[in-house]
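Report on the following structure.
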Amino acid sequence: MTSMTFKGVTSQSLGVVVLGYPPITKPAALIKTETIPGRSGDLVLQSDPVYEPYDKVVRCRLLPGTKPESISSWLNGSGLLILGNEPLYAYQARVTEQINYEKVFPSHEARVFEVTFTVQPEKRLAVTEGDLQLTGSGTITNPGTLPSRPRILINATGVVTLMIGQGITELEGLTSPILLDSDLGMATNALGTLNASYLVSGDWPVLLPGNNPVSFTGAVSNLTITPRWRWL
């Protein structure tokens, strides 16, 4: 029996069998270009591409006794999607299009349907990776194929300089731990309840694919890094 998991709920538990998975897809890149008169071709205006969301269509069948209404309630809104043909990865997905439950035979209750998931282009591990702890200089290896924008809890006071790869982040006036979220481009206190971005200058930390040297200066007890590995 083939299956999928959406919003933490498996299709088997609701009486749904997956009949066909969508292909594994490399998303389309969004590249800014400009045509210059007198110049052949076009000029690429950005060095690193960004990628577009796209659709994954999954074909399914309802098991006998399964009500379409219960499935419609499940296949609604946003959440993480794990498909049986990519069990190691999860997609941030949403369902907005209508779903048609079609009878296979007019005289039989069996129904089939297709659900369209609009997924974000970056996929993550289906089982969330653990946090990384550093008490001194070291190297972090990004196993993904895309730069990671981590969340970093820095247990420190005073003035701190954090160096990750080629990036340098300056922190001043720390009196308690600070939480850097490179994905959001903001900093807060450890609980995430108070803005602390005014204490930060320089680069938001990024972990590139491969090895990333990490070091810091100042009164730092430790770093707790949620790496957020990503793949195309």
Side-chain angles (χ1 to χ4, degrees), residues 5-8 25-32 46-54 56 77-82 86 88-94 117-134 138-156 160-172 174 176-216 220 222-232:
T5 300
F6 182 54
K7 298 192 293 188
T25 300
K26 175 189 175 297
L30 286 170
I31 302 292
K32 293 182 180 179
Q46 64 189 68
S47 57
D48 297 321
V50 293
Y51 298 90
E52 293 186 289
Y54 62 98
K56 285 185 172 291
S78 301
L80 288 181
L81 171 67
I82 303 170
E86 289 187 279
L88 297 180
Y89 301 108
Y91 292 87
Q92 185 62 44
R94 66 180 183 272
F117 295 96
T118 300
V119 302
Q120 295 300 318
E122 300 177 353
K123 56 191 176 186
R124 63 193 69 185
L125 291 176
V127 178
T128 304
E129 69 276 2
D131 290 341
L132 306 175
Q133 301 281 345
L134 284 181
T139 299
I140 295 178
T141 301
N142 178 353
T145 59
L146 292 170
S148 159
R149 296 177 177 83
R151 183 175 60 194
I152 303 177
L153 178 63
I154 303 174
N155 189 1
V160 172
T161 299
L162 174 64
M163 292 156 283
I164 296 182
Q166 301 300 312
I168 299 177
T169 306
E170 300 284 355
L171 309 171
E172 294 187 6
L174 299 184
S176 60
I178 187 171
L179 183 63
L180 306 182
D181 193 321
S182 293
D183 195 32
L184 298 177
M186 68 178 297
T188 66
N189 64 342
L191 296 177
T193 56
L194 296 174
N195 179 37
S197 295
Y198 64 95
L199 301 175
V200 183
S201 62
D203 305 306
W204 291 103
V206 173
L207 297 168
L208 298 176
N211 294 329
N212 296 264
V214 179
S215 61
F216 45 81
V220 179
N222 57 70
L223 306 179
T224 301
I225 302 173
T226 304
R228 296 168 168 165
W229 308 134
R230 297 292 184 264
W231 287 258
L232 278 183

(request) Could you pull out all residues at least two apart from T226 that satisfy side-chain hydrogen bond (donor to acceptor under 3.5 Å, both in side chains)? (result)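 Residues passing side-chain hydrogen bond (donor to acceptor under 3.5 Å, both in side chains) with T226: D131.
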Do [X] side-chain atoms and [Y] backbone N/O form a donor-acceptor pair below 3.5 Å?
{"X": "D203", "Y": "P205", "value": "no"}
{"X": "S197", "Y": "M186", "value": "no"}
{"X": "D181", "Y": "G185", "value": "no"}
{"X": "R228", "Y": "R149", "value": "yes"}
{"X": "T145", "Y": "L232", "value": "yes"}

(message) Using the rule given for side-chain contact (heavy atoms from CB on, under 4.5 Å), can you reason through Q120 versus R94, listing the C-alpha separation, both sets of side-chain angles and the distance that settles it, and then say yes or no?
(response) CA-CA 9 Å; Q120 295 300 318; R94 66 180 183 272; 3.7 Å; yes
(message) Does E52 have more than 12 heavy atoms from other residues, nucleotides or ligands lying within 6.0 Å of its CD?
(response) yes
Please find the pair of heavy atoms, one from [X] and one from [Y], that lie closest to each other, and give the distance.
{"X": "N142", "Y": "S148", "value": "ND2-N, 3.8 Å"}
{"X": "L179", "Y": "A190", "value": "CD2-O, 4.1 Å"}
{"X": "T193", "Y": "N189", "value": "N-OD1, 2.7 Å"}
{"X": "W204", "Y": "A187", "value": "CH2-N, 3.8 Å"}
{"X": "S78", "Y": "F6", "value": "C-CZ, 4.1 Å"}
{"X": "P143", "Y": "W231", "value": "O-NE1, 3.6 Å"}

(request) For side-chain contact (heavy atoms from CB on, under 4.5 Å), just list the numbers for Y51 and K26, CA-CA rounded to whole Å, side-chain angles, deciding distance to a tenth of an Å, and then say yes or no. (result) CA-CA 9 Å; Y51 298 90; K26 175 189 175 297; 3.9 Å; yes
Check: [Y] and [X] side chains under 4.5 Å, non-hydrogen atoms:
{"X": "L199", "Y": "E172", "value": "no"}
{"X": "Y54", "Y": "V119", "value": "yes"}
{"X": "V220", "Y": "N155", "value": "no"}
{"X": "T161", "Y": "T169", "value": "no"}
{"X": "N222", "Y": "L134", "value": "no"}
{"X": "L180", "Y": "V200", "value": "yes"}

(request) Mark yes or no: K56 above the aromatic ring of F117, with NZ or CZ under 6.0 Å from the six-membered ring centre and no more than 45 degrees from the axis. (result) no
(request) Could you tell me whether E129 and R124 make a salt bridge, using a distance below 4.0 angstrom between a side-chain N and a carboxylate O? (result)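 No.
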(message) Under the side-chain contact (heavy atoms from CB on, under 4.5 Å) test against Q133, which residue among T224, L153, L223 passes?
(response) T224
(message) Assess, by modelled atom type and distance only, whether the side chains of E170 and S201 contain a donor and an acceptor separated by less than 3.5 Å.
(response)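 No, no side-chain donor-acceptor contact under 3.5 Å.
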Under 3.5 Å, side-chain donor or acceptor atoms of residues 206-216 against the rest of the protein: list the pairs with distances, not counting sequence neighbours.
unit_1, atom_1, unit_2, atom_2, d
N211, OD1, T141, OG1, 2.6
N212, OD1, L208, N, 2.9
N212, ND2, I140, O, 3.3
N212, ND2, L208, O, 2.8
N212, ND2, G210, O, 3.1

(message) Can you list everything that forms a ring-ring contact (aromatic ring centres under 6.0 Å, His included) with Y91? Sequence neighbours excluded, please.
(response) none
(request) For D183 and R151, run side-chain contact (heavy atoms from CB on, under 4.5 Å): C-alpha distance rounded to whole Å, both residues' side-chain angles, the deciding distance at 0.1 Å, then the answer. (result) CA-CA 8 Å; D183 195 32; R151 183 175 60 194; over 6 Å; no
